[in-house]
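Computation of the quantities below employed the complete heavy-atom set of this structure, encompassing side-chain atoms and omitting hydrogens, waters and symmetry-equivalent molecules. Counting from 1, the numbers follow the sequence of the chain as shown.
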Amino acid sequence: MKKRKAVGYARFSSDKQREESIMHQMEMINKYCIDKHIELMDQYIDEAKSGTNTNRDSFQQMMEDAKSSTWDYVIVYKMDRLSRNVMDALSIKKELTRLGIQIISVIEDFDNDTPEGGFFNLISMGMSEFYVANLKREIMAGQMQNAKQAKTSGGRPAYGYSVNKDLKFVINEEEAPAVKIMFQMVADGYSYVEVAEKLNELGYRTRKGRPFHGVFTDYLKNRKYIGEYVYNRIPKRKPDGSRNSHIMKPESEIVRIPEAVPAIIEDEVFEKVQNLLRLRKERKGYAKRDGKYLLSGLIKCDICGYAVSGGTDYGGRNKYLNFSYACTHKSEGQRCSLTRINMLKTDRVILLYIYEHFLNLSNAKEFTSNLRIQLHEFMNNLVIRKNSLLNEIEEIDKQIEELGIDLLDAKKIRRFIILENLNALEEKKSELEMILKSINDDLSVKTSIIKEEIVRIIKKFAAELRDNNLQTRREVLMKIIKQMILTQDTLIIGFDLVAFLSFELKNEFIVTVTIERETINHLKKKDYQTPYKG
């Protein structure tokens, strides 16, 4: 007679009941298999996992393995080890039955082949689900009673606080000064990065003993710091175990008790920080809609040569949040001295210039004519460069020939020096020949510029620059702009005219424009605060 096969499944309940430990469950499953002459092929174990959902690693692996298995049974110590949710348990049973696998409970000896056995099995699962739901309700009731007395309901207290023997919040004298520094620095306009640097410099650490990093939003929004106790603010977890901490319950369900916790931060400082956070959120929303940091990474710093990136700073008497482009490169602990420049103003000036001088359809005829003239000059310059290169290569050939003659009569040491010079000349000649080839390739191109083709390209670029997608707009600018260099006084832009041609060129065909910083800085608010559509 063919021996029946099975696997065992055990789960260590998150409520940690001792009599249902992993060891005990597997002992009982093994004993059952021996008594019933069943071959136990494998075991799947989930430790400290809740039974209210099926999002468990070993359980999921077991269900996947079952699809290609030769098992006859899945054996559990008790049915609620599979799930404490009736609907989940029935779904599991249905799926395993479809695969020809029967579930066996060691201590619940139900005959699932009879209506009575299935009925009692269902009652058992329902009782287990009721037990969990009732337990949660009782725990929640106890926590709400604690909350109404402004006591902790468990978990780690907010940074800056400890909990005394009466479960009340008290100020942690070692951590509270760090909280004051956080709020005051943010209120004074410092960035999160600067706040973290200051805290770390003073020796403060997070609860896990790690250095602070530039994320303080959760600290800054915590109303405990002004003495207000808040509980039951966030909705319960979803069936899959996830929870969105940014969604709040209705105010009628939230427990709020003013002056129930010793305050660390003054109300005025707290409210100033909240206003800054709201303003930052509004500005970020605007910047995201209209192309935040459109030129980030496209601009190079004239001082250190590193890429200029987008960032935020605070300015004005009320410390309003500003978006700007700045060089954040550090050398020997010192930041680059390049002065930052307003992002909104810079973006607008660049877009205005591009639309007026390159994407102006009413000026397409003149633009086409100028492009032909510039291309003609470009080709003439290539011819001049070609002749210069030919002369330079000819001179190198002469030097190589002379060194070759010297090499024949040179002694050992002198021969070594001559060979080094010959190698250097050969490398130089090779580089020049590569440049010469690129020039010859460009001179051989059929350079026909047709107005209708220019108009088509202008329309395409203009439409893409009006697109709401930031990446689409950046890709257009990367085609039109070859390079941008920010100095202390100017923004130097090299526009790539190849972008408007229907043929490729290997050499740079650019026109350089210099825009004074004063022109950008003096732009009026009405000219840059509303989205520009060209």
(request) Check the pair Tyr161 / Val261 against side-chain contact (heavy atoms from CB on, under 4.5 Å), numbers first and verdict last. (result) CA-CA 9 Å; Tyr161 290 102; Val261 179; 3.5 Å; yes
(request) Begin from the C-alpha positions of Ile481 and Ile350 and carry the test side-chain contact (heavy atoms from CB on, under 4.5 Å) through to its verdict. (result) CA-CA 10 Å; Ile481 298 173; Ile350 299 300; 4.3 Å; yes
(request) Just do the side-chain contact (heavy atoms from CB on, under 4.5 Å) check on Ile104 and Val76 with the steps written out, would you? (result) CA-CA 6 Å; Ile104 294 177; Val76 294; over 6 Å; no
(request) Go through the steps to decide whether Met28 and Gln25 satisfy the test side-chain contact (heavy atoms from CB on, under 4.5 Å), and finish with yes or no. (result) CA-CA 5 Å; Met28 297 301 292; Gln25 290 178 58; over 6 Å; no
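Judged as a side chain to side chain donor-acceptor pair (under 3.5 Å), and not counting sequence neighbours, the contacts of Asp65 are Tyr44, Gln61. Shown here are the side chain to side chain contact (heavy atoms under 4.5 Å, CB included) partners of Pro177, two or more places apart in sequence or in another chain: Tyr204. Residues forming a salt bridge (charged side-chain N to carboxylate O under 4.0 Å, His left out) with Arg223 (at least two apart in sequence, or on another chain): Glu228. Take Val476 and apply the side chain to side chain contact (heavy atoms under 4.5 Å, CB included) test, not counting sequence neighbours, and it matches Phe461, Glu464, Leu465, Ile480. Residues satisfying the side chain to side chain contact (heavy atoms under 4.5 Å, CB included) test with Glu475, not counting sequence neighbours, are Gln471. Ser162 is linked by a side chain to side chain contact (heavy atoms under 4.5 Å, CB included) to Val170, Asn172, counting only residues two or more places apart in sequence or in another chain. In this structure Phe270 satisfies the ring pair (Phe, Tyr, Trp, His ring centres under 6.0 Å) test together with Phe183, sequence neighbours excluded. Glu266 pairs by the salt bridge (charged side-chain N to carboxylate O under 4.0 Å, His left out) definition with nothing, not counting sequence neighbours. The salt bridge (charged side-chain N to carboxylate O under 4.0 Å, His left out) test applied to Lys94 returns no partner, not counting sequence neighbours. Not counting sequence neighbours, the partners of Lys31 by the salt bridge (charged side-chain N to carboxylate O under 4.0 Å, His left out) test are Asp35.
Between the CD atom in Gln43 and the CD1 atom in Ile29 there is a gap of 8.0 Å [rounded to 0.5 Å]. The structure places OG of Ser69 at 10.5 Å from CE of Met63, a figure rounded to the nearest 0.5 Å. With rounding to the nearest 0.5 angstrom, the CZ atom of Phe216 is 9.0 Å from the CE atom of Met185. From Arg4, atom CZ reaches atom CD of Gln102 across 9.5 Å, with rounding to the nearest 0.5 Å. Interatomic distance, Ile38 CD1 to Asn30 CG, rounded to the nearest 0.5 Å: 11.5 Å. The CD1 atom of Ile492 lies 9.0 Å from the CG atom of Leu486; values are rounded to the nearest 0.5 Å.
Inspection of the Arg81 and Tyr9 side chains reveals no N or O donor paired with an N or O acceptor under 3.5 Å. No side-chain donor from either of Tyr159 and Asp218 sits under 3.5 Å from a side-chain acceptor of the other. For the residue pair Asp188/Gln184, the side-chain donor-acceptor check at 3.5 Å is satisfied. For the 3.5 Å distance criterion, the side chains of Thr339 and Gln488 qualify, holding a donor opposite an acceptor.
In this structure, Asn342 contributes its side chain and Leu344 its backbone to a donor-acceptor pair below 3.5 Å. With hydrogens and angles disregarded, a donor-acceptor distance shorter than 3.5 Å links the side chain of Thr97 to the backbone of Lys93. Between the side chain of Tyr353 and the backbone N or O of Arg348 there is no donor-acceptor pair closer than 3.5 Å. Judged by distance alone, with hydrogens and angles left aside, the side-chain atoms of Arg340 form no donor-acceptor pair with the main-chain N or O of Phe323 at under 3.5 Å. At distances below 3.5 Å, at least one donor-acceptor pair connects side-chain atoms of Asp72 with backbone N or O atoms of Lys5. Asp42 places no side-chain N or O within donor-acceptor distance of the main-chain N or O of Gly8, the cut-off being under 3.5 Å. A donor-acceptor pair under 3.5 Å links the side-chain atoms of Ser58 to the main chain of Ile45, judged by distance alone.
Within a 6.0 Å radius of CD in Glu259, other residues, nucleotides and ligands contribute 12 heavy atoms or fewer.
Ring planes of Tyr77 and His24: perpendicular class, angle over 60° (limits at 30 and 60°).
Shown are Tyr190, Tyr192, Phe212; of these, the side-chain contact (heavy atoms from CB on, under 4.5 Å) with Met182 is made only by Phe212.
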Show which side-chain atoms of residues 297-309 pair as donor or acceptor with protein atoms under 3.5 Å away, not counting sequence neighbours.
none

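In this structure, Lys224 forms a cation-pi arrangement with Tyr229, its terminal cationic atom sitting closer than 6.0 Å to the ring centre and no more than 45° off the ring axis.
Between Leu167 and Val163, the shortest heavy-atom contact is CA-CG1, 3.5 Å. Contact record, Ile264 with Gly160: CD1-O, 3.6 Å, taken as the closest heavy-atom pair. Taking each heavy atom of Ile101 and Ala66 in turn, the nearest pair found is CD1-CB, 3.8 Å.
Contacts classified as salt bridge (Lys or Arg N to Asp or Glu O under 4.0 Å) and involving residues 198-213 (residues at least two apart or in different chains) are given here: Glu175-Arg207.
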